[in-house]
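See structure below.
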Amino acid sequence: DTAVSQTPKYLVTQMGNDKSIKCEQNLGHDTMYWYKQDSKKFLKIMFSYNNKELIINETVPNRFSPKSPDKAHLNLHINSLELGDSAVYFCASSQGSPPSLHFGNGTRLTVT
Amino acid sequence: EDKVVQSPLSLVVHEGDTVTLNCSYEVTNFRSLLWYKQEKKAPTFLFMLTSSGIEKKSGRLSSILDKKELSSILNITATQTGDSAIYLCAAPLQGAQKLVFGQGTRLTINP
């Protein structure tokens with residue numbers, strides 16, 4: 001009965017590979033996000049979807065492609081992984097404004 | 001450019017001490033400021049502040065917003081080792097469903 005769940009928790013892969021992270025929320029929220037947290041713990045938004053529609057697309061390389069099949073799911077696919085992609089990726093959801101985010105537990109991505 | 005800045009970046013104190021964490025912001029058409037606590041995994045919501053001068057309190061934690069100074073503080077009294085975490089503040093950007101976060105304050109409470 002986890003509110004925002006993402007899989008996998010850990011992802012270790014080599015440069016050049018393609019990988020996906022999945023996220024699901026059971027809070028009934030309309031808006032979902034991907035945030036990236038770097039090694040200095042700085043959280044930065046990447047994407048946001050509202051009811052399956054992309055509403056925020058920050059300056060992110062186009063190797064990153066989000067997909068929202070329905071408002072409860074938001075996935076992140078990353079092509080041609082690079083060393084600099086190593087980080088913790090958080091999925092989050094919110095309802096209303098201003099957004100009070102509910103975060104998943106994060107996916108720690110390590111690119112070797 | 002809209003931004004949120006926290007200080008200090010790191011703080012180490014002894015159990016029982018009182019700490020004050022700072023957050024300042026430059027946000028166009030500011031509406032609110034949020035505080036989160038991040039232990040090992042996901043950040044969890046602490047407070048949302050919208051009105052200046054009104055303290056929000058939860059147990060030993062309290063927070064207040066000062067719109068004149070464009071800042072907020074988070075106080076923790078009688079700290080415990082379980083308070084060790086990264087404390088994040090964030091502000092929603094105008095017209096956007098997104099939060100911009102500060103760099104966080106890493107708080108360590110030693111027994």
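To find a chain, count down the sequence lines: A is the first, B the second, and so on, and within it residues start at 1. Treat the numbers as computed from the prediction; the structure is a model and nothing was measured.
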If you count heavy-atom pairs under 4.5 Å between each of [options] and chain B, which one has the most?
| options | result |
| --- | --- |
| G104(A), G106(A), S100(A) | S100(A) |
| D38(A), V88(A), L101(A), I55(A) | L101(A) |
| E58(A), R108(A), H102(A) | E58(A) |

Exercise for review: Give, as side chain, backbone, both or neither, the part of L9(B) having an atom under 4.5 angstrom from any heavy atom of chain A.
Suggested key: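 For L9(B), neither part sits under 4.5 Å from chain A.
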If you group Ile, Leu, Val, Met, Phe, Trp and Tyr by side-chain heavy-atom gaps below 4.5 Å, do [X] and [Y] land in one group?
| X | Y | value |
| --- | --- | --- |
| Y25(B) | Y87(B) | yes |
| I21(A) | I56(A) | no |
| F64(A) | L109(A) | yes |
| V60(A) | L76(A) | yes |
| L88(B) | Y35(A) | yes |

Review point. Under 4.5 Å, heavy atom to heavy atom, which residues of residues 40-52 of chain A contact chain B?
Key: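 Counting heavy atoms that sit under 4.5 Å from chain B, the residues of residues 40-52 of chain A involved are K40(A), K41(A), F42(A), L43(A), I45(A), S48(A).
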Point to revise | Greater than 12 external heavy atoms within 6.0 Å of K71(A)'s NZ | key: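 Result for NZ/K71(A): enclosed.
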Exercise for review: Could you list which of residues 33-58 of chain B have a heavy atom closer than 4.5 Å to any heavy atom of chain A, in residue-number order?
Suggested key: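 The residues closer than 4.5 Å to chain A, in numerical order, are L34(B), Y36(B), Q38(B), K41(B), A42(B), P43(B), F45(B), M48(B).
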Review point. If you check every heavy atom in residues 59-80 of chain B against those of chain A, which residues fall under 4.5 Å?
Key: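 Against chain A, none of the residues of residues 59-80 of chain B fall inside the cut-off of heavy atoms under 4.5 Å.
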Between side-chain atoms of residues 99-111 of chain B and protein atoms elsewhere (two or more places apart, or another chain), which donor-acceptor pairs fall under 3.5 Å?
from	atom 1	to	atom 2	distance (Å)
Q103(B)	OE1	Q6(B)	N	2.8
T105(B)	OG1	P8(B)	O	2.5

